[in-house]
Trainee: 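Handing you a structure now.
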Amino acid sequence: MRYFIGNWKMFGVPKSVNILNKINSFHTKDKNRKKYRVIITPPYTLIQTYAKSFKNKKIYIGSQNCYQKEQFSSNTAAISPYMIKSVGAKYTLVGHSDNRGEGDTDTMLKNKVHFALKNNLKVVFCIGENKSDKKNKKTFSVLKKQLTKVLDKKFDKNNLIIAYEPIWSIGTGKIPTKDELEKTIIYIKKILKKIFKKKSPAVLYGGSVDGDNVKLFKEINEIDGFLVGGASKSSKKFIDIIKNYYR
Ligand code: PEP
């Protein structure tokens with residue numbers, strides 16, 4: 001199973017559902033539809049209505065983040081995994097670099113993953129090195145730390161997906177070389193196999209994925225799918241990624 005996840009970030013109002021309708025009608029007719037799953041993470045404000053609209057369809061709705069406490073608390077504007085699950089989301093991102101940049105620590109991330117899984121949300125855990133890590137050849141040590149500090153062998157690996165998103169690639173149009181990316185995904189899977197006793201969760205790539213460069217990524221068999229930001233806000237661009245991946 002491969003995954004195409006669209007992360008809308010701070011984008012979307014109720015009528016933006018037409019983007020999902022178009023993706024859904026493409027998916028329904030696509031001869032490859034059984035080979036992949038489409039997940040969209042709209043902002044919190046749209047989760048409930050979209051989850052309802054697509055309840056019996058093959059598009060899954062997720063959250064872009066969750067708070068590090070389980071149910072209810074006195075933290076203003078916080079949204080817990082329990083609350084997200086209660087409005088029909090099936091997935092949540094955790095550890096997106098935008099949120100790490102706003103202060104998410106490894107301890108907070110561990111709590112988020114733990115409480116999300118406990119509330120039956122599947123977790124897409126994001127990791128990735130920044131530009132200076134890459135320049136200083138610290139990519140592998142940074143990724144190892146991000147994985148080992150947060151992921152616990154007791155977490156259910158079947159409900160966990162890892163998204164490798166180099167920060168220098170997000171929204172910049174810059175992508176790793178095929179060789180670099182292949183080595184990095186293999187390394188991430190090696191660490192995951194150590195944590196989870198031989199079996200690695202799915203590992204996705206994210207960072208400026210579009211309908212053109214996906215042709216290069218599809219040559220790397222170890223990549224189990226993609227986390228797409230910018231291009232997921234257009235049904236055509238998102239569908240092109242899927243089409244060109246299977247072409
Ligand atoms: C993202 O925000 O997770 C992302 C991958 O963005 P983009 O595709 O725009 O680089």
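Just so you know, these numbers use all the heavy atoms, side chains as well, and skip hydrogens, waters and symmetry mates. Order of listing sets the numbers, starting from 1, for every ligand and every atom in it.
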Trainee: Could you list the atoms of ligand 1 found under 4.0 angstrom from a heavy atom of G207?
Mentor: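 So the answer, numbered in order with elements, is 5 (C), 10 (O).
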Trainee: Determine whether S169 and Y205 make a side-chain contact, defined as any pair of heavy atoms from C-beta on separated by less than 4.5 Å.
Mentor: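 Yes, close enough: below the 4.5 Å cut-off.
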Trainee: For ligand 1, which atoms, with element, lie under 4.0 Å from some heavy atom of L227?
Mentor: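 Counting atoms of ligand 1 from 1, those under 4.0 Å from L227 are 5 (C).
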Trainee: Can a donor-acceptor pair be found between the side chains of N159 and D156 at a distance below 3.5 Å?
Mentor: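 A donor-acceptor contact under 3.5 Å links the two side chains.
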Trainee: Checking the N or O distance criterion of under 3.5 Å, is ligand 1 in contact with G171?
Mentor: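 Between G171 and ligand 1, an N or O pair is found under 3.5 Å apart.
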Trainee: Does G230, backbone or side chain, put an N or O under 3.5 Å from an N or O of ligand 1?
Mentor: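 Yes; the residue has a nitrogen or oxygen that sits under 3.5 Å from a nitrogen or oxygen of the ligand.
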Trainee: Hey, is I170 touching ligand 1 through its side chain, its backbone, both or neither, going by heavy atoms under 4.0 Å?
Mentor: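 For I170, the contact with ligand 1 is made by both the backbone and the side chain.
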Trainee: Tell me whether K57 forms a cation-pi arrangement with F54, defined as NZ or CZ under 6.0 Å from the six-membered ring centre and within 45 degrees of its axis.
Mentor: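 Geometry flag: set, cation within 6.0 Å and 45°.
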Trainee: Could I get the full list of salt bridge (Lys or Arg N to Asp or Glu O under 4.0 Å) partners for K134, not counting sequence neighbours?
Mentor: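 Salt bridge (Lys or Arg N to Asp or Glu O under 4.0 Å) check on K134 returns E180.
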Trainee: Taking it one step at a time, do I39 and I61 satisfy side-chain contact (heavy atoms from CB on, under 4.5 Å)?
Mentor: CA-CA 6 Å; I39 303 156; I61 302 299; over 6 Å; no
Trainee: Give a yes/no verdict on a cation-pi contact between K157 and F196, requiring under 6.0 Å between NZ or CZ and the six-membered ring centre and an angle within 45° of the axis.
Mentor: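 The answer is no; the distance or angle limit is not met.
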Trainee: Quick one: which ligand 1 atoms are inside 4.0 Å of a heavy atom on N7?
Mentor: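 Ligand 1 atoms under the 4.0 Å threshold to N7: 2 (O), 3 (O).
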Trainee: Looking only at distances, can you tell me whether any N or O atom of E165, backbone or side chain, sits closer than 3.5 Å to an N or O atom of ligand 1?
Mentor: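 Between E165 and ligand 1 (N or O atoms, distance only) the closest approach is under 3.5 Å.
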Trainee: Closest non-hydrogen protein atom to atom 1 (C) of ligand 1, residue and atom name please, with distance?
Mentor: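 Result for atom 1 (C) of ligand 1: H96 NE2, 3.3 Å.
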Trainee: Got a sec, which residues hit ring-ring contact (aromatic ring centres under 6.0 Å, His included) with F4, two or more places apart in sequence or on another chain?
Mentor: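 F4: ring-ring contact (aromatic ring centres under 6.0 Å, His included) contacts with Y36, F226, Y245.
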Trainee: Would you say ligand 1 has an N or O under 3.5 Å from any N or O of G229?
Mentor: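 Yes.
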